[in-house]
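I have placed the structure first, in the form of structure tokens, so that the comments after it can refer back to it.
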Number of protein chains: 2
Amino acid sequence: MTEELPITTSEWEVMRIIWTLGEATSNDVIQLLVKKRQWKASTVKTLIGRLMQKNMLTAQKNGHTNLYQCTVSEKHAMEKEATRLFKNMCAMKNGQVLVQLINELQLSQTDIQNLQSVLVEKQKTAPEMVACNCIPKEEVEQ
Amino acid sequence: MTEELPITTSEWEVMRIIWTLGEATSNDVIQLLVKKRQWKASTVKTLIGRLMQKNMLTAQKNGHTNLYQCTVSEKHAMEKEATRLFKNMCAMKNGQVLVQLINELQLSQTDIQNLQSVLVEKQKTAPEMVACNCIPKEEVEQ
DNA sequence: AATTAAAGATTACATTTGTAAACTAAAATT
DNA sequence: AATTTTAGTTTACAAATGTAATCTTTAATT
């Protein structure tokens, strides 16, 4: 039951590279992040170490160099983060936030079609209103 | 130019209450969070203090008691958080994450209609593909 | 073989965050 | 007026995070 701790913003940078490369050496990651974020090599090494402890990365030895791989998919990790965020915010306003996100994010034709399908389904059973859940029940004055 | 620092998860709990009540005394917030999160009164006081420093709350004295108000709207803060999150994740997969969010979140009929409108607009100019932006340009192998 | 370079491991250290106790001043009660 | 309660302020302290230097071991070069 290897628990997944939350990963921090800096750690995300490392994960994104390894997700995209499929697998990578510390040096691969260092090269890219030195360029992208101006981090020192040892900063990147620290982050890789922490991700290993958090079981987000596994390593396989190749000579005295490690080849790192991610233990969860990028999509899964992204969904988990997004879900965590929305669950911590006002349920009543989630819809409006999604509208704004869709407005400002780049989406492909396929993405849009998928979103439309889900919405059509969702529509069949959607309620008229979603209640605010910012305050524990019987405390909402009204 | 009062800069808005990011607000933490614990601080969000406080903000949500004041957003919902419109304005509140520390005692209002304490009552609710002692119940909801089992925090001690002084924990809540600390959080209110930090939110004041971050200019997320203002207070107006009423006797020796403060009435706290939020300096930004809940919707604005939510949008900012959501945007920050998505900007830090793979652009290519954002669409899929939105699909999953829409699937699992509660949305009202109105929300759904608004989402549908935005999508129809978006569709007119959407590209076939959105490129992965996890790795700085010319480094993407392929 | 001796020297240098590279990869990983260990240690460092300031800031932020979660969580709270202690202190102080004003207000309410006795 | 004296005492108790309350609201706000200050201090506390461990864990997490951002950022890195140093040390150690192994591999590559001279």
Side-chain angles (χ1 to χ4, degrees), chain A residues 3-18 21 23-69 77 80-81 84-85 87-88, chain B residues 3-18 21 23-69 77 81 84-85 88:
Chain A
E3 194 43 52
E4 293 156 34
L5 302 184
I7 54 189
T8 71
T9 343
S10 299
E11 289 164 1
W12 264 89
E13 294 279 5
V14 172
M15 292 302 288
R16 288 181 68 180
I17 288 175
I18 307 180
L21 297 180
E23 57 184 17
T25 63
S26 63
N27 194 46
D28 295 336
V29 182
I30 288 170
Q31 292 311 307
L32 291 167
L33 288 180
V34 163
K35 179 170 308 178
K36 185 180 183 196
R37 298 282 313 259
Q38 291 77 52
W39 284 339
K40 297 296 186 287
S42 54
T43 299
V44 179
K45 290 179 187 179
T46 299
L47 294 173
I48 291 177
R50 289 182 185 167
L51 287 166
M52 291 285 293
Q53 292 178 230
K54 292 183 182 181
N55 295 304
M56 293 302 293
L57 292 178
T58 44
Q60 62 188 66
K61 270 240 156 350
N62 180 345
H64 87 129
T65 296
N66 283 338
L67 247 193
Y68 297 98
Q69 284 145 341
K80 205 174 151 195
E81 264 312 288
R84 190 198 45 68
L85 182 72
K87 297 287 187 197
N88 286 327
Chain B
E3 193 45 51
E4 294 156 33
L5 302 184
I7 53 189
T8 72
T9 343
S10 297
E11 288 163 2
W12 264 89
E13 295 279 5
V14 173
M15 292 300 290
R16 289 181 68 182
I17 288 175
I18 306 180
L21 297 182
E23 58 184 17
T25 64
S26 64
N27 193 45
D28 294 336
V29 182
I30 288 170
Q31 292 311 307
L32 290 167
L33 287 180
V34 162
K35 179 169 309 177
K36 184 179 182 196
R37 299 282 313 261
Q38 289 76 53
W39 284 338
K40 298 295 187 289
S42 53
T43 298
V44 178
K45 290 180 186 179
T46 300
L47 294 173
I48 291 176
R50 289 181 185 167
L51 287 166
M52 291 284 294
Q53 290 179 232
K54 292 183 181 180
N55 295 304
M56 293 301 294
L57 292 178
T58 44
Q60 61 188 68
K61 272 240 157 347
N62 181 344
H64 87 131
T65 296
N66 283 338
L67 247 194
Y68 297 98
Q69 285 146 338
E81 264 311 289
R84 191 199 46 67
L85 182 73
N88 285 327

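Numbered from 1 within each chain, the chains take letters A, B, ... in sequence-line order.
A side-chain donor-acceptor contact under 3.5 Å links A:R16 to the backbone of B:N88. Panel note: side chain A:K54, backbone A:I7; no donor-acceptor pair is recorded below 3.5 Å. A:N66 places no side-chain N or O within donor-acceptor distance of the main-chain N or O of A:N62, the cut-off being under 3.5 Å.
Nucleotide D:dG18 holds its P atom 9 Å from the CZ atom of A:R37, rounded to whole Å. One interatomic measurement links the two molecules: CH2 of B:W39 to C1' of C:dA21, which rounds to 17 Å at whole-angstrom precision. Following rounding to the nearest Å, B:L51 (CG) and D:dG8 (C1') show an atom-to-atom distance of 15 Å. Distance CG (A:L47) to P (C:dA12): 19 Å, rounded to an integer number of Å. Between the CD1 atom of A:I48 and the C1' atom of D:dG18 there is a distance of 15 Å, given to the nearest Å. Spacing between atom CE of B:M52 and atom C1' of D:dA7 amounts to 13 Å, rounded to whole angstrom units. A straight line from CE of A:M15 to P of D:dT17 spans 15 Å, rounded to a whole angstrom. When the P atom of D:dG8 is taken as reference, atom NZ of B:K40 falls 20 Å away, rounded to whole Å.
The closest side-chain heavy-atom distance from B:W39 to B:E13 is below 4.5 Å. Between A:L57 and A:M15 there is a side-chain heavy-atom pair separated by less than 4.5 Å.
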B/S/- along nucleotides 2-10 of chain C (protein heavy atoms under 4.0 Å) is -----BB--

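Between A:S10 and D:dG18 there is a side-chain N or O to OP1 or OP2 distance below 4.0 Å.
In this model, a side-chain donor or acceptor of A:R50 finds a partner on the base of D:dT19 within 3.5 Å.
Of all heavy-atom pairs between A:Q38 and A:K35, the closest is NE2-O, 2.8 Å.
In this structure, A:G63 and A:T43 both approach DNA chain D, and ranking their closest nucleotides by distance from the 5' end singles out A:T43.
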For residues 24-32 of chain A, which side-chain donor-acceptor pairs fall under 3.5 Å, sequence neighbours excluded?
from  : atom 1 : to    : atom 2 : distance (Å)
A:T25 : OG1    : A:N27 : N      : 3.3
A:T25 : OG1    : A:D28 : N      : 3.0
A:T25 : OG1    : A:D28 : OD1    : 3.3
A:T25 : OG1    : A:D28 : OD2    : 3.2
A:N27 : OD1    : A:Q31 : NE2    : 3.1
A:D28 : OD2    : A:T25 : N      : 2.9

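Across the helix from C:dA1-D:dT30 to C:dT30-D:dA1, the helix axis at one end is tilted relative to the axis at the other end by 10° (nearest 10 degrees, each axis from five pairs).
Expressed to the nearest 0.5 Å, how far CD of B:E23 lies from CD1 of B:I18 amounts to 10.0 Å.
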Verdict with supporting geometry, A:M56 and A:R50, side-chain contact (heavy atoms from CB on, under 4.5 Å)
CA-CA 9 Å; A:M56 293 302 293; A:R50 289 182 185 167; over 6 Å; no

